[in-house]
Colleague: 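Next up is a structure, given as structure tokens.
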Amino acid sequence: MNELIKIRDVSTKYDISARTLRYYEDMGLIQSARSDDYAYRLYDEAAVRRLEQILILRKLNISIKDIQRIFDTSGSEVVLEVLGKKVDSIDEEVSLLHELKEIVLKFIRQIEQADFGKESDIKLLYEKAKEIETQITNVDYHDNPSTVNRLLEVTEQLDSKVPDIMIVRIPKFRAVTSGLLTFEELFSGGFGPWREAHNHLFKPVIFDSPDFLCGRDGKAEWIWAIKDEVTQVDTHPYEIIEYLGGLYSVAVSVDGDSESHNRVRSKTEKWLENTNFAIDSSRELMGHMIYVDDEIKEGLGYHQMNLYVPIKLRETK
């Protein structure tokens, strides 16, 4: 095919957002073209083939930084190295899961052999559970004392594969909004240049950046926190809103694209199952760019984005 493909058609065909396509382009993984009679991004055959390669590697959980290394190097040496490390990582996790399974099965057998009519057996099982929960390292058991110690080591290593999550309360704040736009309009339209020209109006809400990105119905809007003295005259033609804030669970979306967002959100939802919080579906998930620093981006190979999932206390029956 020689004709250029519209960004909307590429997004639909490969089921990825225009924002993700722009992200891949910003990271130097693909290139788009523009024509005189069409304002939006267009992609040629080479760009589409490169996108297909990116999507395959992302499905294998290969990081953006490693994908950059693969594309920057001719031959197969780097891709074989990256995939080899991925296999080693999978083997390590499988081994840890098998070991964890054996430890749990051993505890099951001990429970099955226990006499729940004997206070001493019940006390022993209770003490074992308590020692695991409090992560006491020196365990005095009748059999192998290293069992629980190794359980703690295994679970600690497995837990390291889950993103760090914290609960925060975002205060109410005034903000200027871009309004709901397509991702292409959001990043290629007039709001971006206006925002850059009016940086003096903004103030941080949390961390060091005033921006939040909310999405719904296939569109998104920027929400930028503004100083107290800013008025509608200052932000014309963009509207000032009162953002209500509230409780959110927060985790870092490592690579910043939609695949990374989906993985983090899925793990966040699973993490919330073990808390007294539940997702608040009446509010939108938000992205918040942290440490917007070119040196950090260059060192990591990506910008860091926090994902804010709205939550509320579970309803008691």
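Values in this document were obtained by computation on a predicted structure and should not be read as measured data.
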Colleague: Does the side chain of L51 come within less than 4.5 Å of I16's, by heavy atoms?
Modeller: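 With C-beta onward as the side chain, the pair touches.
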Colleague: So, the side chain of Q68 versus the backbone of M27: is there a donor-acceptor pair under 3.5 Å, distance only?
Modeller: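 Yes; at least one donor-acceptor contact below 3.5 Å.
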Colleague: Under 3.5 Å, is there a donor-acceptor pair between the side chain of R314 and the main chain of F277?
Modeller: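 Yes: the side chain of R314 pairs with the backbone of F277.
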Colleague: Taking T12 for its side chain and D9 for its backbone only, find out whether a donor-acceptor pair lies under 3.5 Å.
Modeller: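 No, T12 side chain to D9 backbone: no donor-acceptor pair under 3.5 Å.
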Colleague: Restricting to side chain to side chain contact (heavy atoms under 4.5 Å, CB included), what partner residues turn up for Q53, sequence neighbours left out?
Modeller: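 Q53 satisfies side chain to side chain contact (heavy atoms under 4.5 Å, CB included) with R50, F71 once adjacent residues are dropped.
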Colleague: Can you tell me how far the CD1 atom of I54 sits from the CG atom of L57, to the nearest 0.5 Å?
Modeller: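 Here the rounded value is 8.0 Å.
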Colleague: Side chains of L42 and K6: closer than 4.5 Å at any heavy-atom pair?
Modeller: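 L42 vs K6: side chains touch.
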Colleague: Would you find a donor on one side and an acceptor on the other, under 3.5 Å apart, between the side chain of H288 and the backbone of L213?
Modeller: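 No: the side chain of H288 does not pair with the backbone of L213.
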Colleague: Partners of T231 by side-chain hydrogen bond (donor to acceptor under 3.5 Å, both in side chains), sequence neighbours excluded?
Modeller: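 With sequence neighbours excluded, T231 shows a side-chain hydrogen bond (donor to acceptor under 3.5 Å, both in side chains) to D234, given in chain and number order.
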Colleague: Indicate yes or no: at least one non-hydrogen side-chain atom of L83 is less than 4.5 angstrom from one of V87.
Modeller: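 A side-chain contact is absent here, since even the closest heavy-atom pair is not under 4.5 Å.
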Colleague: Extract all donor-acceptor atom pairs below 3.5 Å that involve side chains of residues 235-245 and protein atoms in other chains or at least two apart in sequence.
Modeller:
from	atom 1	to	atom 2	distance (Å)
T235	OG1	Q232	O	3.4
T235	OG1	Q232	NE2	3.2
T235	OG1	Y238	O	2.9
Y238	OH	F191	N	3.3
Y243	OH	Y248	OH	2.6

Colleague: Taking all atoms of both residues into account, what is the closest heavy-atom pair of T275 and W271, and its distance?
Modeller: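 Scanning both residues completely, I find the closest heavy atoms to be CG2-O, 3.6 Å.
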Colleague: Contact between I223 and F173 at the side-chain level, heavy atoms closer than 4.5 Å - yes or no?
Modeller: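 Counting from C-beta outward, I223 and F173 do come under 4.5 Å.
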Colleague: Got a sec, which residues hit side chain to side chain contact (heavy atoms under 4.5 Å, CB included) with L181, two or more places apart in sequence or on another chain?
Modeller: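 Counting only residues at least two positions away or on another chain, L181 forms a side chain to side chain contact (heavy atoms under 4.5 Å, CB included) with S178, E185, L186.
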Colleague: Under the rule for side-chain hydrogen bond (donor to acceptor under 3.5 Å, both in side chains), what residues qualify as partners of K85, not counting sequence neighbours?
Modeller: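 For K85 the side-chain hydrogen bond (donor to acceptor under 3.5 Å, both in side chains) partners, ignoring immediate neighbours, are E81.
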Colleague: Any idea which heavy atoms bring L4 and A33 closest together, and the distance?
Modeller: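 Smallest interatomic distance, heavy atoms only, reads CD1-CB, 4.4 Å.
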Colleague: According to the salt bridge (charged side-chain N to carboxylate O under 4.0 Å, His left out) rule, which pairs have a member within residues 270-287, sequence neighbours left out?
Modeller: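 Applying salt bridge (charged side-chain N to carboxylate O under 4.0 Å, His left out) to every pair that reaches into residues 270-287, excluding sequence neighbours, yields D280-R283.
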Colleague: For the residue pair I170 and F212, establish whether any side-chain heavy-atom pair is separated by less than 4.5 Å.
Modeller: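 Yes, their side chains come closer than 4.5 Å.
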Colleague: What distance separates I165 CD1 from L272 CG, expressed to the nearest 0.5 Å?
Modeller: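 Here the interatomic distance stands at 6.5 Å.
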Colleague: Tell me, yes or no, whether the heavy-atom count around E77 atom CD, taken from other residues, nucleotides or ligands under 6.0 Å, exceeds 12.
Modeller: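 No, because the 6.0 Å sphere around CD of E77 holds 12 heavy atoms or fewer from other groups.
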Colleague: Can you confirm whether L307 sits close enough to T268 that some side-chain heavy atom of one is under 4.5 Å from a side-chain heavy atom of the other?
Modeller: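 Contact flag for L307/T268 side chains = no.
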Colleague: Going from CD1 on I311 to CD on E269, what distance comes out if it is rounded to the nearest 0.5 angstrom?
Modeller: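 Output value for this atom pair is 12.5 Å.
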Colleague: Partners of S281 by side-chain hydrogen bond (donor to acceptor under 3.5 Å, both in side chains), sequence neighbours excluded?
Modeller: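 S281: no side-chain hydrogen bond (donor to acceptor under 3.5 Å, both in side chains) contacts found.
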Colleague: Side chains of residues 193-205: which donor-acceptor pairs under 3.5 Å do they make with residues two or more places apart or in other chains?
Modeller:
from	atom 1	to	atom 2	distance (Å)
W194	NE1	H198	ND1	3.4
H198	ND1	W194	O	2.7
N199	ND2	E196	O	3.4
K203	NZ	D228	OD1	3.2

Colleague: Taking S17's backbone N and O only, do any of them form a donor-acceptor pair with R22's side chain (distance below 3.5 Å, no angle check)?
Modeller: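 Flag not set: sc R22 to bb S17 has no pair under 3.5 Å.
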Colleague: S32: which residues meet the side chain to side chain contact (heavy atoms under 4.5 Å, CB included) condition with it, sequence neighbours left out?
Modeller: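 For S32, the residues satisfying side chain to side chain contact (heavy atoms under 4.5 Å, CB included) (neighbours in sequence not counted) are E25, R41, Y43.
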Colleague: Group every Ile, Leu, Val, Met, Phe, Trp and Tyr by side-chain heavy-atom contacts under 4.5 Å, then state whether I56 and Y14 land in the same group.
Modeller: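 No, I56 and Y14 fall in different hydrophobic clusters.
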Colleague: With a cutoff of under 4.5 Å between side-chain heavy atoms, which Ile, Leu, Val, Met, Phe, Trp and Tyr residues group with V94?
Modeller: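 Joined to V94, directly or through intermediates: I90.
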Colleague: With sequence neighbours excluded, what pairs up with S76 under the side chain to side chain contact (heavy atoms under 4.5 Å, CB included) test?
Modeller: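 Partners of S76 under the side chain to side chain contact (heavy atoms under 4.5 Å, CB included) test: V79, L80.
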Colleague: Do I62 and V78 belong together in a cluster built from hydrophobic side chains that touch within less than 4.5 Å?
Modeller: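 Yes.
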Colleague: Only counting residues at least two apart or in another chain, list the ones meeting side-chain hydrogen bond (donor to acceptor under 3.5 Å, both in side chains) with R49.
Modeller: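 side-chain hydrogen bond (donor to acceptor under 3.5 Å, both in side chains) check on R49 returns E45.
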